[in-house]
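Since the structure comes first, as structure tokens, the remarks are kept for the end.
Nothing here was measured: the structure is a model prediction, and the numbers come from that model. Computed from heavy atoms alone, side chains included, the values below leave out hydrogens, waters and symmetry copies.
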Amino acid sequence: MTIATRRLALLLPLAAATALPLAAPAAAADPRTPLAVQSRVYDLVSRVENLAGTERVSESRSETTYSLQAAVLFAKDSADISAQAKHKIDAIAQKIAQANPGRAVEIRGFTDNLGSAQHGLELSTERANAVKQLLEKNPALSRLTFTAKGFGEAQPIADNSNESGRQKNRRVEIVVPTR
């Protein structure tokens with residue numbers, strides 16, 4: 001007996017002990033019966049940003065988020081909405097009214113990491129409340145409820161180590177549920 005046949009003789013009993021029984025042949029499927037197919041639904045997100053990067057819209061199956069950089073809405077270190085920004089918010093309000101959401105719309109304020117964390121939290125809250133108050137005055141949205149929350153420097157979307165990143169992080173988001 002050669003070495004190869006001896007190895008095979010040693011492995012055959014081991015293979016027989018671990019062999020799986022063969023399944024019985026499946027019965028023929030009835031062509032009139034629909035097949036049950038396991039499907040997956042992915043929550044894809046579509047993001048559209050203007051060329052300057054100051055306005056962004058993100059859409060998923062569950063919500064649409066309108067994001068405006070703080071520079072579009074407010075003067076530096078202020079929560080007073082500019083006249084130009086009121087027009088942008090009114091345009092978003094019309095889109096919200098057309099979407100006909102059934103639940104509360106959430107307004108979120110964010111800042112960069114410059115200054116104290118407490119000041120950033122207060123400023124982001126004031127800015128979110130300013131946008132909330134403007135939306136609440138819009139007659140097309142009278143049946144909706146609004147909540148406002150400031151997050152300060154939490155949840156950055158860009159790098160806070162450079163000005164362009166900090167600029168993106170200073171923003172207000174209007175989150176509209178879609179179902």
Side-chain angles (χ1 to χ4, degrees), residues 40-179:
R40 292 185 182 178
V41 177
Y42 295 98
D43 197 13
L44 300 176
V45 177
S46 164
R47 286 192 177 89
V48 178
E49 187 172 309
N50 70 351
L51 291 175
T54 58
E55 300 175 38
R56 196 175 338 11
V57 178
S58 300
E59 293 180 286
S60 71
R61 286 185 327 121
S62 59
E63 66 187 27
T64 299
T65 302
Y66 300 94
S67 181
L68 297 168
Q69 282 187 359
V72 172
L73 301 171
F74 310 101
K76 183 177 180 178
D77 205 29
S78 170
D80 296 329
I81 298 176
S82 69
Q84 179 186 3
K86 288 180 183 179
H87 294 294
K88 291 191 179 292
I89 293 173
D90 284 341
I92 292 172
Q94 294 309 314
K95 292 176 184 175
I96 294 170
Q98 290 171 356
N100 197 20
R103 294 180 285 172
V105 174
E106 185 178 353
I107 296 99
R108 302 173 183 164
F110 302 90
T111 60
D112 59 24
N113 66 348
L114 296 180
S116 73
Q118 182 61 36
H119 176 69
L121 185 59
E122 290 169 4
L123 181 60
S124 66
T125 302
E126 290 171 6
R127 288 177 169 179
N129 279 318
V131 172
K132 175 184 177 252
Q133 290 169 4
L134 188 60
L135 288 171
E136 287 175 330
K137 291 178 185 176
N138 191 310
L141 304 177
S142 61
R143 61 179 178 68
L144 296 177
T145 58
F146 297 90
T147 60
K149 184 171 183 182
F151 290 88
E153 61 189 55
Q155 301 180 19
I157 59 170
D159 188 2
N160 268 315
S161 68
N162 59 61
E163 182 53 31
S164 67
R166 287 190 296 269
Q167 191 174 25
K168 287 182 181 181
N169 291 331
R170 296 187 295 261
R171 68 195 188 280
V172 172
E173 295 178 349
I174 302 167
V175 182
V176 182
T178 55
R179 53 180 181 139

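Atom OG1 of T64 is separated from atom CD1 of I92 by 11.5 Å, given to the nearest 0.5 angstrom. The distance from atom OG1 of T147 to atom CD1 of I107, rounded to the nearest 0.5 Å, is 6.0 Å. Remark: E173 CD to E106 CD distance equals 9.0 Å, nearest 0.5 Å. The CD atom of Q69 sits 9.0 Å away from atom CG of N169, with the distance rounded to the nearest 0.5 Å.
No side-chain heavy atom of R127 sits under 4.5 Å from any side-chain heavy atom of L73. Residues F74 and I81 form a side-chain contact, since some pair of their non-hydrogen atoms from C-beta on lies under 4.5 Å apart. Contact check for T178 versus R61: no side-chain heavy atoms found under the 4.5 Å cut-off. Side-chain contact between Y66 and I96 is present, with heavy atoms from C-beta onward closer than 4.5 Å.
For the pair R47 and E49, the salt-bridge criterion is not met [side-chain N within less than 4.0 Å of a carboxylate O].
Of the possible donor and acceptor atoms, one in the side chain of N50 sits under 3.5 Å from a partner among the backbone N and O of E55. Looking only at distances, a side-chain donor or acceptor of T111 sits under 3.5 Å from a matching main-chain atom of G152. Listed for the N113 side chain is no donor-acceptor partner under 3.5 Å among the backbone atoms of E153.
For the residue pair A79 and L123, the shortest heavy atom distance occurs at N-CD1, 4.5 Å. When all heavy atoms are compared, the tightest approach of L121 to G150 is CD1-O, 3.3 Å. Pairing each heavy atom of H119 with each of S116, the nearest pair is N-OG, 3.0 Å. Between R143 and A97, the shortest heavy-atom distance links the atoms NH2-O, 4.4 Å. Scanning both residues, F110 and A154, for their nearest heavy atoms gives CD2-O, 3.5 Å.
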Next item on the list: Just do the side-chain contact (heavy atoms from CB on, under 4.5 Å) check on I157 and R171 with the steps written out, would you?
Entry: CA-CA 10 Å; I157 59 170; R171 68 195 188 280; 3.4 Å; yes
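Under the salt bridge (Lys or Arg N to Asp or Glu O under 4.0 Å) criterion, R170 pairs with D112, E163, sequence neighbours left out. S46 meets the side-chain hydrogen bond (donor to acceptor under 3.5 Å, both in side chains) test with no other residue; sequence neighbours excluded.
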Less than 3.5 Å apart, which donor and acceptor atoms pair up between the side chains of residues 128-142 and the rest of the protein, not counting sequence neighbours?
residue : atom : partner : partner atom : Å
N129    : ND2  : T125    : O            : 3.2
K132    : NZ   : E136    : OE2          : 3.3
N138    : OD1  : A140    : N            : 2.9
S142    : OG   : P139    : O            : 3.3

